[in-house]
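Notes for the one structure printed next.
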Amino acid sequence: MLLVPCPYCGPRPEVEFRCGGEAHIARPADPDALDDAAWAEYLFARTSPKGVHAERWLHAHGCGRWFNALRNTVSDAFITTYEMGEPRPDIRGGR
């Protein structure tokens with residue numbers, strides 16, 4: 001079983017969590033200026049890299065809090081987790 005390291009509760013079984021998609025996506029500065037194509041790009045276009053990816057996670061069956069995680073999409077290994085609002089950690093030379 002995969003253990004997910006919740007930054008608030010510590011390592012917990014993966015069945016307690018829900019992935020919320022890509023992390024660090026900024027809302028448009030002027031939403032009224034966007035046309036339909038730009039809105040579609042903002043809402044639906046996401047990266048899907050092979051390797052390290054920043055994601056949002058919800059500890060749904062635990063503390064109920066959202067957090068960010070860096071996860072390797074090839075090995076499914078969590079590299080680090082960090083609280084919402086914190087900047088993405090620099091993992092140069094890492095996995």
Side-chain angles (χ1 to χ4, degrees):
M1 173 179 293
L2 179 65
L3 292 178
V4 177
C6 175
Y8 308 104
C9 303
R12 304 298 295 229
E14 65 182 301
V15 296
E16 294 186 9
F17 297 87
R18 299 293 177 264
C19 185
E22 188 173 352
H24 307 292
I25 296 176
R27 292 184 62 85
D30 185 7
D32 294 330
L34 299 182
D35 62 9
D36 289 344
W39 265 114
E41 177 76 17
Y42 165 70
L43 292 172
F44 303 112
R46 299 291 182 258
T47 61
S48 184
K50 183 177 182 178
V52 178
H53 185 48
E55 301 170 328
R56 296 170 20 133
W57 284 80
L58 172 64
H59 194 174
H61 300 289
C63 63
R65 297 172 84 177
W66 285 94
F67 61 92
N68 291 323
L70 291 182
R71 186 178 65 88
N72 187 315
T73 60
V74 176
S75 66
D76 208 23
F78 281 78
I79 297 164
T80 190
T81 58
Y82 51 104
E83 296 179 13
M84 296 297 267
E86 290 182 3
R88 178 183 170 148
D90 182 7
I91 59 159
R92 278 182 257 202
R95 301 161 217 171

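Scope of the values below: all heavy atoms of this structure, side chains included, with no hydrogens, waters or symmetry mates.
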Looking at [X] and [Y], what are the two nearest heavy atoms and their distance?
| X | Y | result |
| --- | --- | --- |
| E41 | R46 | O-NH1, 4.2 Å |
| P89 | T80 | CG-CG2, 3.9 Å |
| E16 | G62 | OE1-CA, 4.4 Å |
| L34 | A38 | CD2-CB, 3.7 Å |

With rounding to the nearest 0.5 angstrom, report the [atom1] to [atom2] distance, [X] to [Y].
| X | Y | atom1 | atom2 | result |
| --- | --- | --- | --- | --- |
| R12 | M1 | CZ | CE | 11.5 Å |
| D36 | L43 | CG | CG | 10.5 Å |
| H59 | C6 | NE2 | SG | 5.5 Å |

Can you spot which of W66, Y8, Y82, F78 makes a ring pair (Phe, Tyr, Trp, His ring centres under 6.0 Å) with W57?
F78
Test: salt bridge (charged side-chain N to carboxylate O under 4.0 Å, His left out). Region: residues 62-75. Which pairs qualify, not counting sequence neighbours?
E55-R71, R71-D76
Between F17 and M84, is there shared hydrophobic-cluster membership here, with clusters defined by ILVMFWY side-chain heavy atoms closer than 4.5 Å?
no
Let me check something: do L3 and I79 share a hydrophobic cluster, defined by ILVMFWY side-chain heavy atoms less than 4.5 Å apart, either directly or through other members?
no
Just checking, any donor-acceptor pair under 3.5 angstrom between side chains of E22 and H53?
no
Side chain to side chain contact (heavy atoms under 4.5 Å, CB included), that's the test. Do H61 and R18 meet it? Break it down for me.
CA-CA 9 Å; H61 300 289; R18 299 293 177 264; 3.5 Å; yes
Remaining members of the apolar cluster that contains V15, side-chain heavy atoms under 4.5 Å:
none
So do V4 and E14 actually touch side chain to side chain, heavy atoms under 4.5 Å?
yes
Checking the side chain of T81 only, and the main-chain atoms of N68 only, is there a donor and an acceptor separated by less than 3.5 Å?
no
